[in-house]
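What follows is a short report on a single structure.
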Amino acid sequence: MEKFWLEITHECKQSGARTGILHTPHGDVLTPMFMPVGTLATVKFLSPEEIEEIQSGVILSNTYHLWLRPGDEIVRDAGGLHTFMNVKNPILTDSGGFQVFSLSDSRKITEEGVTFKNHLNGDTMMLSPEKSIQIQNNLGADIIMSFDECPPFPATHEYMKASVERTLRWAQRGKDAHQRPHDQALFGIVQGGEYEDLREYSAKTLVDMDFPGYSIGGTSVGETKEVLYRMVDYSVKWLPKDKPRYLMGVGSTDAILEGVLRGIDMFDCVLPTRIARHGTLMSNQGRINIRNAKYERDFGPLDPECDCYTCKNYSRAYLRHLIRCDEGLGQRLLSIHNLRFLIKLTEDIRQAINEDRFLDFKNEYFKKHKLNSIDSRGF
RNA sequence: GGGGGGGUAGCGAAGUGGCUAAACGCGGUUGACUGUAAAUCAAUUCUCUCCGAGUUCGGCGGUUCGAAUCCGUCCCCCCCCA
């Protein structure tokens with residue numbers, strides 16, 4: 001697809017990490033990048049102007065949720081997600097594969113697809129590779145995902161092997177069903193859990209199918225950081241250098257740094273926005289729970305080192321007050337901060353890579369935030 | 001002056017002889033959250049403590065093996081009539 005490609009701009013001589021420009025039908029974005037999640041065609045509480053202000057690149061939305069409400073055909077008839085949402089950013093839609101995982105109580109996986117009861121009214125529904133792609137074609141995102149099974153962790157090798165093979169067949173079916181390859185980049189998703197041979201098999205098979213980008217899935221499902229990094233290592237080594245690599249569902253600071261070191265270009269995570277709504281902030285002073293009594297009379301900024309709108313204009317005491325009163329402005333302001341915090345991290349990461357000092361940068365960041373490479377919450 | 005209702009933990013409110021340190025809600029405190037069924041969820045919230053112990057249900061005094069619950073009395077609050 002001529003409208004979509006990754007232009008590698010620099011490879012860090014110190015670490016091997018890379019920066020790039022991802023060209024999309026809705027503009028260029030710099031990698032490595034962090035993508036805010038807006039499942040229901042909205043990054044919860046943020047206006048398009050605020051999304052722009054935090055310097056966000058790609059934003060996410062979700063096949064399953066928009067299929068249920070308002071319906072993908074309505075989004076299509078509205079002119080597609082960009083018009084519907086009034087955003088200029090490139091958009092990526094997830095395939096619904098993760099929802100199959102999280103709705104596992106009421107699902108049945110077959111070769112054809114997944115039968116499940118939806119979470120709104122319990123209706124029995126069927127999502128298949130073809131259906132997922134069809135919905136995503138209607139939604140009109142710049143980047144769309146293959147319909148995969150996101151297997152639980154841990155899973156036996158036997159289970160994982162069958163799951164990977166099925167997901168690969170689903171990837172081919174989705175590719176065959178894709179109606180808009182000229183303006184929507186369909187990514188393949190590497191699975192295989194923590195098993196090196198299955199990750200290799202999954203990655204190699206997908207690469208043979210030739211996708212414009214590759215995701216690493218089956219992550220952020222309860223595995224330790226050590227396992228996560230192995231999953232990434234086992235997957236990335238088989239992926240072509242000139243295609244974007246997307247580590248799905250990962251968004252803590254430590255994992256972003258470790259991921260970039262391993263050659264990841266794209267990250268997404270609900271963590272920053274969700275914990276923000278719940279009163280927890282990522283900051284250069286460490287983790288902050290703004291509801292804590294100790295901030296009652298703290299009239300200083302949330303994070304003096306942060307350049308976001310919230311930190312430039314509001315005090316901890318006021319933000320605490322808003323959150324405790326369940327005021328939407330509080331959830332908005334804290335979401336702005338956490339997203340900007342992570343996006344600023346990716347800006348710093350890109351600069352460090354371009355200056356061939358990413359390894360130093362990562363080590364200093366870990367030292368400053370008392371992180372380690374194995375198990376850390378990362379903020 | 002007459003008649004009626006009521007005082008339970010920070011607040012509201014159940015309980016009306018033992019299973020009650022006392023439901024539930026709010027408020028308070030703390031924690032969790034990773035391709036969003038999440039403005040959600042969990043723990044904790046009389047006192048001292050490790051199990052455990054000690055004081056509670058307006059005050060005081062009784063009945064009883066045992067009382068927030070029964071009786072007497074006092075204090076306070078609300079409503080209606082004069």
Side-chain angles (χ1 to χ4, degrees), chain A residues 34-46 58-66 68-69 92-107 116-122 132 141 143-151 153 187 189-191 214-225 228 231 246-256 258-259 264 266-282 287-296 320 322-335 338 342 375-379:
Chain A
F34 176 79
M35 307 182 286
V37 180
T39 301
L40 283 160
T42 169
V43 178
K44 293 184 190 298
F45 286 95
L46 297 205
V58 176
I59 59 175
L60 253 70
S61 207
N62 189 276
T63 298
Y64 166 77
H65 294 275
L66 296 180
L68 294 187
R69 289 185 306 196
L92 181 156
T93 45
D94 188 24
S95 63
F98 187 77
Q99 280 62 47
V100 169
F101 164 76
S102 62
L103 295 165
S104 62
D105 288 344
S106 56
R107 70 161 185 209
F116 61 95
K117 295 186 190 312
N118 78 46
H119 71 283
L120 295 177
N121 60 12
S132 174
I143 304 168
I144 66 179
M145 290 297 124
S146 294
F147 185 66
D148 65 333
E149 182 195 348
C150 181
F153 179 87
F187 278 29
I189 304 179
V190 180
Q191 291 288 355
Y214 298 92
S215 305
I216 297 170
T219 50
S220 291
V221 290
E223 76 282 6
T224 64
K225 288 282 165 66
L228 168 64
M231 289 172 167
Y246 163 28
L247 181 55
M248 307 184 83
V250 170
S252 58
T253 53
D254 58 332
I256 288 176
E258 293 284 355
I264 300 295
M266 306 161 67
F267 301 86
D268 83 285
C269 196
V270 304
L271 192 66
T273 42
R274 179 180 292 166
I275 67 176
R277 291 195 303 280
H278 300 165
T280 302
L281 287 314
M282 303 170 167
R287 189 189 184 89
I288 292 176
N289 186 335
I290 202 66
R291 294 186 324 240
N292 287 175
K294 60 185 173 187
Y295 301 118
E296 185 177 20
R320 173 176 190 268
L322 291 178
I323 284 292
R324 279 160 44 93
C325 294
D326 201 23
E327 279 293 337
L329 179 61
Q331 288 154 317
R332 175 192 299 270
L333 293 172
L334 297 190
S335 295
N338 272 358
L342 280 187
D375 62 344
S376 157
R377 295 192 300 191
F379 55 89

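Because the structure is a prediction, the values reported are computed rather than measured. A note on names: the letters A, B, ... follow the listed sequences, proteins ahead of strands, and every chain is numbered from 1.
Note on A:S215: nothing from the nucleic acid sits closer than 4.0 angstrom, heavy atoms only. Among the atoms of the strands shown, base atoms are found under 4.0 Å from some heavy atom of A:D94. Across all strands, A:G218 comes closer than 4.0 Å to base atoms (heavy-atom distances). Residue A:R287 is in base contact, counting any heavy-atom pair closer than 4.0 Å across all strands shown. Using a 4.0 Å heavy-atom criterion, one finds that A:G217 contacts no nucleic acid atom at all. When heavy atoms are screened at a 4.0 angstrom cut-off, A:E223 is found touching no nucleic acid atom at all.
Taking atom CG of A:L281 as the reference point, atom P of B:G31 lies 13 Å away to the nearest angstrom. Computed from coordinates, the A:N338 CG to B:U34 C1' distance equals 13 Å when rounded to whole Å. Whole-Å rounding puts the A:L334 CG to B:C33 C1' distance at 15 Å. Summarising the geometry, the separation between CZ on A:R324 and C1' on B:G28 is reported as 8 Å, rounded to the nearest angstrom. Taking atom CD1 of residue A:I275 and atom C1' of nucleotide B:G31, one finds them 13 Å apart after rounding to whole Å. The distance between atom CD1 of A:I323 and atom P of B:U30, rounded to the nearest whole Å, is 14 Å.
The P atoms of B:G25 and B:C60 are separated by 32 Å, rounded to the nearest whole Å. Rounded to whole Å, the separation between the C1' atoms of B:U8 and B:A23 comes to 12 Å. Nucleotides B:C46 and B:A22 place their P atoms 10 Å apart, quoted to the nearest Å. Look at the P atom in both B:C41 and B:C24: the space between them is 16 Å, to the nearest Å. Comparing B:G72 with B:A21, their P atoms are spaced 27 Å from each other, to the whole Å. Comparing the P positions of B:U56 and B:A9 gives an interatomic distance of 15 Å, to the nearest angstrom. Spacing of P atoms, B:G12 relative to B:G27, comes out at 15 Å, to the nearest Å. Using P as the reference atom, B:U64 and B:U69 are 16 Å apart when rounded to the nearest Å.
Checked against side-chain contact (heavy atoms from CB on, under 4.5 Å), A:E327 has the following partners two or more places apart in sequence or in another chain: A:L322, A:C325. With sequence neighbours excluded, no residue satisfies salt bridge (charged side-chain N to carboxylate O under 4.0 Å, His left out) with A:R274. With sequence neighbours excluded, no residue forms a side chain to side chain donor-acceptor pair (under 3.5 Å) with A:R277. By the side-chain contact (heavy atoms from CB on, under 4.5 Å) test, A:N121 is found to be paired with A:N118, A:D123, residues two or more places apart in sequence or in another chain being considered. Listed by chain and number, the residues in a side chain to side chain donor-acceptor pair (under 3.5 Å) with A:N62 are A:Q99 (sequence neighbours excluded).
Syn is the classification of B:A37, since its glycosidic angle stays within 90° of 0.
Applying the 4.0 Å criterion to OP1 and OP2 of B:U36, one finds that A:N62 has a side-chain N or O inside that range. Not one side-chain nitrogen or oxygen of A:N289 sits closer than 4.0 Å to the OP1 or OP2 atom of B:U30. For B:U29, one of the phosphate oxygens OP1 or OP2 lies less than 4.0 angstrom from a side-chain nitrogen or oxygen of A:R320.
Nearer the 5' end of RNA chain B, as judged by each residue's closest nucleotide, is the contact made by A:K294, out of A:K294 and A:C269.
In this pair, A:Y246 and A:F187 present their aromatic rings perpendicular. The plane angle is above 60°, beyond the 30 to 60° band.
Within 3.5 Å, a donor on the side chain of A:D148 pairs with an acceptor on the base of B:G35, or the reverse.
B:C11 is paired with B:G25 under the criterion used here, namely a Watson-Crick or G-U wobble arrangement in which both key atom distances are under 3.5 Å. Taking a pair to require two hydrogen-bonding distances under 3.5 Å in either a Watson-Crick or a G-U wobble arrangement, B:G1 pairs with B:C81. Under the Watson-Crick or G-U wobble criterion, with both distances below 3.5 Å, B:C19 has no partner in any strand shown. Under the Watson-Crick and G-U wobble criteria, each requiring two contacts below 3.5 Å, nucleotide B:U40 is paired to B:A32.
Contact record, A:C150 with A:G218: SG-CA, 3.9 Å, taken as the closest heavy-atom pair. Residues A:E223 and A:L228 share a closest heavy-atom pair of OE2-CD1, 3.6 Å.
Looking only at atom types and distance, the side chain of A:D148 has no donor-acceptor partner in the side chain of A:S146 under 3.5 Å away.
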Listing time: all N or O pairs from protein to nucleotides 37-44 of chain B that are below 3.5 Å?
from: B:A37; atom 1: OP2; to: A:S102; atom 2: OG; distance (Å): 2.9
from: B:A37; atom 1: O5'; to: A:H65; atom 2: NE2; distance (Å): 3.1
from: B:A38; atom 1: O2'; to: A:R277; atom 2: NH2; distance (Å): 3.2
from: B:A38; atom 1: N7; to: A:R274; atom 2: NH1; distance (Å): 3.4
from: B:A38; atom 1: N7; to: A:R274; atom 2: NH2; distance (Å): 2.9
from: B:A39; atom 1: OP2; to: A:R277; atom 2: NE; distance (Å): 3.1
from: B:A39; atom 1: OP2; to: A:R277; atom 2: NH2; distance (Å): 3.3
from: B:A39; atom 1: O4'; to: A:Q331; atom 2: NE2; distance (Å): 3.0
from: B:A39; atom 1: O2'; to: A:D326; atom 2: OD1; distance (Å): 2.7
from: B:A39; atom 1: O2'; to: A:Q331; atom 2: NE2; distance (Å): 3.2
from: B:A39; atom 1: N9; to: A:Q331; atom 2: NE2; distance (Å): 3.4

